[in-house]
Amino acid sequence: MNRLLSRSLTRTPIFAARSPFIPPLRKMATATTPEFNKMLYAPLAEIDPAVQNIIDKETWRQFTGLELIASENLTSRATMEANGSILTNKYSEGLPDHRYYGGNEYIDELEQLCRKRALEAFHLDPAKWGVNVQPYSGSTANFAALTALIQPQDRLMGLGLPDGGHLTHGYYTAKKKMTASSIYFQSFPYGISSDSKLIDYESLSNQAKLFKPRLIICGASAYPRDWDYKALKTVAEREGAWLMADIAHTSGLIAAQQLNNPFEYCDVVTTTTHKTLRGPRAGLIFFRKDLEHAKDLEKRVNDAVFPACQGGPHNNTIAGIATALLQAAQPAFQEYAKQVIKNARSLAEALVAHGYQLQTDGTDNHLVLWDLRHLGLTGSKVEKVCDLMGITINKNAVNGDTSAQTPGGIRLGTSALTSRDMKEEDIKIVADFLHRAVQISLTLQKEAGTKKLVDFVRVATQKEDGKVGFEQVRALRDEVRQFASKWPLPGVDVANLKKPEGLHYE
Ligand SMILES: *Cc1c(COP(=O)(O)O)cnc(C)c1O
């Protein structure tokens with residue numbers, strides 16, 4: 001006791017870091033803290049400048065670039081605070097009030113709060129729906145849901161990957177079963193119509209008659225239109241199959257009631273929390289509690305998450321989810337979701353006005369699928385050029401692509417730019433950057449002299465006599481950076497942000 005009392009109780013001054021994040025107060029080591037524990041109190045910038053520098057460079061990249069990857073978003077300062085909190089220390093296997101470890105009174109409170117907020121954010125009646133908030137991410141949520149619903153080697157159907165589906169919905173190639181969803185289950189894809197590029201519900205229904213799936217999965221990673229959940233429910237009911245929606249991409253828009261409601265028809269709904277929902281990286285599984293034929297669904301889902309597929313939950317992440325869900329339930333979030341869609345439409349219109357082709361000619365949600373094939377360009381080349389300019393996009397298959405290695409399209413999304421305050425008119429400027437990037441890509445392809453990506457990258461990154469593409473890339477890059485740096489970045493004090501050492505570009 002005396003020893004304790006005699007310890008110096010002085011504290012460090014407020015953590016003076018190079019980090020632009022506003023740091024929480026840290027308790028200092030006492031005077032008697034042994035050498036082997038002193039490291040526990042040192043701020044990151046001091047004890048690990050290498051990692052700090054990587055964080056600083058990534059912060060700078062996010063600040064000076066334009067984030068158009070459709071699956072990404074910028075989470076809030078509050079969510080990052082929760083995510084970086086002391087809750088990371090606690091083990092809490094099991095569910096609230098049924099844990100395998102002691103000391104979980106506050107973790108129980110947190111998980112209860114998070115579950116309540118999840119149901120509220122999606123406008124669900126707690127008598128009809130329950131939710132498991134422990135999945136580490138979207139893929140683990142999906143595998144746990146499959147584990148809960150069907151037996152090994154049972155049949156499932158999901159949207160094919162080249163048509164916009166996700167790996168975890170049963171993807172396989174001729175040579176290889178690619179994910180656990182095709183390794184442990186028999187999977188069979190449905191697709192989109194080659195005319196309308198919309199989900200081909202009629203073919204799906206016919207395929208289901210033959211294949212007799214135990215589970216139909218809907219939801220996608222690259223589908224710019226909404227889903228007809230009722231049509232899917234009719235097929236699932238006829239075949240006695242479960243209907244599961246994976247709303248990873250669109251959950252923020254669904255919570256904001258800007259898209260059709262999958263909860264009206266589905267038995268299970270999974271989602272990530274870090275895409276349009278704007279939370280930390282994690283997953284959720286919602287399940288019906290009131291099904292006559294499956295009164296045990298709640299137990300099946302919970303047992304599938306733990307112990308079947310996961311160990312202890314990440315409580316710091318669950319705190320971040322809870323905070324993000326609080327935000328998602330507010331009227332302001334509905335305005336955000338509306339703006340995301342307006343921005344995606346604005347982007348689509350601007351590209352069409354430039355004469356480009358979009359799959360389905362437009363969008364109902366946050367994403368646009370841009371078909372470049374008629375220009376004789378691949379998605380990889382445009383992705384590469386955009387990367388050199390700080391515009392982050394991804395190559396993506398478009399309907400009818402023959403090679404999965406060199407997809408002919410680009411996927412764009414407006415969630416992150418909308419989180420940086422951009423509106424339709426600002427998105428028009430971004431669309432203009434994209435237009436110029438494509439025109440420069442055409443020049444570079446000509447100057448490369450071949451269609452090989454290495455030659456293309458060479459002329460884009462090295463100055464060669466008589467060639468103009470290289471200079472054009474740099475000019476547009478400077479304009480993009482200047483434009484991007486005008487906007488705020490959630491969680492970062494950009495007014496005091498300093499350019500870090502070691503960036504890959506000047
Ligand atoms: C992103 C995504 C996932 C996977 O999420 P991770 O968190 O990356 O595991 C699952 N399903 C769909 C439809 C997705 O778009």
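When a ligand or atom number is given, it counts from 1 through the structure's own listing order. None of these values were measured; they are calculated from a predicted model.
Of the polar atoms of T168, none of the N or O atoms is found under 3.5 Å from an N or O of ligand 1, judged by distance alone. An N or O contact shorter than 3.5 Å links K275 to ligand 1 by distance. For the pair S137 and ligand 1, the shortest N or O to N or O distance falls below 3.5 Å. Remark: ligand 1 and A248 share no N or O pair separated by less than 3.5 Å (distance only, no angle test).
H366 and H249 have tilted rings, their planes meeting at an angle from 30° to 60° on a 0 to 90° scale. Note: W60 and F63 have perpendicular aromatic rings, judged against thresholds of 30 and 60 degrees for the angle between ring planes.
Residue-ligand proximity, H274 to ligand 1, at heavy-atom distances under 4.0 Å covers atoms 7 (O). In the vicinity of N142, heavy-atom distances shorter than 4.0 Å reach the ligand 1 atoms 10 (C), 11 (N). Close approach of ligand 1 to S221 is summarised as follows: ligand atoms under 4.0 Å from at least one heavy atom of the residue are 12 (C), 13 (C), 14 (C), 15 (O). Below 4.0 Å from some heavy atom of G138 lie the following atoms of ligand 1, by number and element: 4 (C), 5 (O), 6 (P), 7 (O), 9 (O). Near S139, meaning under 4.0 Å from any of its heavy atoms, are these atoms of ligand 1: 4 (C), 5 (O), 6 (P), 9 (O). Heavy-atom proximity to H249, at under 4.0 Å, picks out these atoms of ligand 1: 15 (O). For ligand 1, the atoms closer than 4.0 angstrom to any heavy atom of A220 are 13 (C). Shown in contact with T272 at under 4.0 Å from a heavy atom are these atoms of ligand 1, numbered in order with element: 5 (O), 7 (O).
With sequence neighbours excluded, the residues forming a ring pair (Phe, Tyr, Trp, His ring centres under 6.0 Å) with F122 are F263, F286, listed by chain and number. The side chain to side chain donor-acceptor pair (under 3.5 Å) search around R155 returns none, not counting sequence neighbours.
Counting only N and O atoms by type, the side chains of T360 and Y223 include no donor and acceptor under 3.5 Å apart. Neither side chain, S181 nor N142, offers a donor N or O lying under 3.5 Å from an acceptor on the other.
Rounding to the nearest 0.5 angstrom, the gap separating the CD1 atom in I247 from the CD1 atom in I254 is 4.0 Å. Between the CD atom of Q357 and the CG atom of L372 there is a distance of 9.5 Å, given to the nearest 0.5 Å.
Assignment of S71 to the shell around ligand 1 is not supported, since no heavy atom sits closer than 4.0 Å.
Heavy-atom proximity to atom 11 (N) of ligand 1, evaluated over T273, T250, D246, is greatest for D246.
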Legend entry - Q62 and E58: CA distance, side-chain angles, deciding distance, side chain to side chain donor-acceptor pair (under 3.5 Å) verdict: CA-CA 6 Å; Q62 292 188 19; E58 173 59 13; 2.8 Å; yes
